[in-house]
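Working notes for the structure below.
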Amino acid sequence: MAQISTSESAENQGPALLDERSLASLTQVSRELDSSYRSMQEQVLRLRGELAISRSARLRELAEKERLLGRLASLLAVLPGGVMILDAEHTIRDANPAALDMLGEPLLGETWPQVAQRNPELYESQPGQRRLSINGRPLDDDGEQVVLITDTTELHDLQEQLGRRQRLAALGEMAARLAHQIRTPLSSTTLYLAQLARDDLPVEQRTKICDRLSGRLQHMEGLIESMLSFVRGGSPEMRPLLLRDVMSALEAVVRPTLPAATTFAVTPIDDTVSLSGAADDLVGALANLIQNAVDVAGAAVRIDVWAGATSHNSLQICVRDNGPGISADVLPRLFDPFFTTRAQGTGLGLAVVARTVSHHGGEVRARNHSHGGAEFLIDLPLLDTATSCGDTAVSSSLLSSERGKP
């Protein structure tokens, strides 16, 4: 009987133990869920804060971009140059007010060829018309372009005015240089005229003076024509010449004008070297080099002139002096027009030399000689004597009248 009671008691306690365990499990799960909920709440709050911060930053960025876009739009609106956006089909999608003023309406939706057709000054302008400059650049990979239009009318007008002033200045400088070069032969002409006035002058001597006077006048005429050619930028009339005759004419022109203390020597040349050129221009250019040496090195300078063939198709003329030479900072600008290092210089002598040599298809360069002094080297093309010997003889006779003249 007692055993039965014990067994029944154990059976009655089993469900109670199960309920306690289930309750404990439920309590643990509830605690875990509550902890997870609180953790999720904290994460949600943190994410809300981060989103709020990100949203505020984004709003600030958008506001800054909107401000920049507004500023850019304002700048484009007041920009004096025209700005247009063209799509891949060259249709105008956007344009600022300046572009509308320059090209006229309609503009948006029009193609660039249509706009260009009604604005011919975009590509060619007549005197007195407006001038426009166009520049285009790719905008992105979709084929869009940005086109900039600038009104350059005022700039062109200023350039024309500057060009006129420069030409007037060049004309004045040319007149000064021409007066300087004519002074010596003009003085000789005055002396010859004074001798002609003598009643006791023999006829033979009078004829000789008249010939010399004619030569001086022809030389001055050649100088004037050379200067005018320099101003116009034209090319001289070319004829076959013997280099020997050019050197002889140079001596006849230069030697009487040199100071007594100057030593002047020209290397003898045979009659096999010829070239195509203008005798007066070549003689004038070489005379400029010699006068330049006297001006820089002084009256006691020694000047040596050598000329001859350097290959089967070229010749060289070298003018060398024993003066102070040329400074390194002057050499690059030596042949620039109006550049001079002398207070009384015009800066045209060597510019005339460079222009003359260029017109003859040659080159001129300057350098300092290893033994002191400066030398100018002129390289010119040789003339084919086999095809021009007859004309060369004619040129020789034209130049022969210069020989022996003071």
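Values in this document were obtained by computation on a predicted structure and should not be read as measured data.
Considering only heavy atoms from C-beta on, Phe264 comes within 4.5 Å of Val305 through its side chain. Here the side chains of Thr272 and Arg244 are not in contact, with every heavy-atom distance at 4.5 Å or above. Counting heavy atoms from C-beta outward, Thr310 and Leu315 have side chains that stay 4.5 Å or more apart. The shortest side-chain heavy-atom distance between Glu144 and Leu86 does not fall under the 4.5 Å cut-off. Within the 4.5 Å cutoff, side-chain heavy atoms of Ile303 are placed close to those of Thr262. Annotation: side chain of Ile317 is not in contact with side chain of Asp379 (no heavy-atom distance under 4.5 Å). Looking at Val296 and Pro324, their side chains come closer than 4.5 Å, going by heavy atoms from C-beta outward. Side-chain contact check for Asn292 versus Val319: every heavy-atom pair is 4.5 Å or farther apart.
For Glu50, the CD atom is densely surrounded, since the number of other residues' heavy atoms within 6.0 Å is greater than 12. A 6.0 Å sphere centred on CD of Glu363 holds no more than 12 heavy atoms belonging to other residues, nucleotides or ligands. Heavy atoms of other residues, nucleotides or ligands lying less than 6.0 angstrom from CG of Asp200 number more than 12.
A donor-acceptor pair is defined here as one N or O able to donate and one able to accept, closer than 3.5 Å; such a pair exists between the side chain of Thr207 and the backbone of Val203. Side-chain atoms of Ser56 come within 3.5 Å of backbone atoms of Ala52 as a donor-acceptor pair (strictly under, hydrogens ignored).
Leu162 contributes atom CG, which lies 8.5 Å from atom CG of Leu158 (distance to the nearest 0.5 angstrom). Taking CG of Leu243 as the start and CG of Asp271 as the end, the distance is 11.0 Å to the nearest 0.5 Å. Interatomic distance, SG of Cys318 versus CG of Leu377, reported as 5.0 Å (0.5 Å rounding). Atom CG in Leu193 sits 9.0 Å away from atom SG in Cys210 (nearest 0.5 Å). Atom OG1 of Thr189 sits about 12.5 Å away from atom CZ of Arg212, to the nearest 0.5 Å. Here the CZ atom belonging to Arg206 is positioned 6.0 Å from the CG atom belonging to Leu196, to the nearest 0.5 angstrom.
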From CA spacing to verdict: side-chain contact (heavy atoms from CB on, under 4.5 Å), Asp281, His360: CA-CA 10 Å; Asp281 286 0; His360 284 74; 4.3 Å; yes

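Annotation: salt bridge (charged side-chain N to carboxylate O under 4.0 Å, His left out) contacts involving residues 297-307, sequence neighbours excluded, comprise Arg302-Asp304.
A donor-acceptor contact under 3.5 angstrom links the side chains of Thr111 and Gln114, judged on distance only. Side-chain polar atoms of Ser314 and Ser311 form a donor-acceptor pair below 3.5 angstrom.
Ala307 and Ile269 get closest at one heavy-atom pair: CB-CD1, 3.5 Å. Counting all heavy atoms, side chain and backbone alike, Ala293 lies closest to Asp321 at CB-OD2, 3.6 Å.
The side-chain contact (heavy atoms from CB on, under 4.5 Å) search around Thr190 returns none, not counting sequence neighbours.
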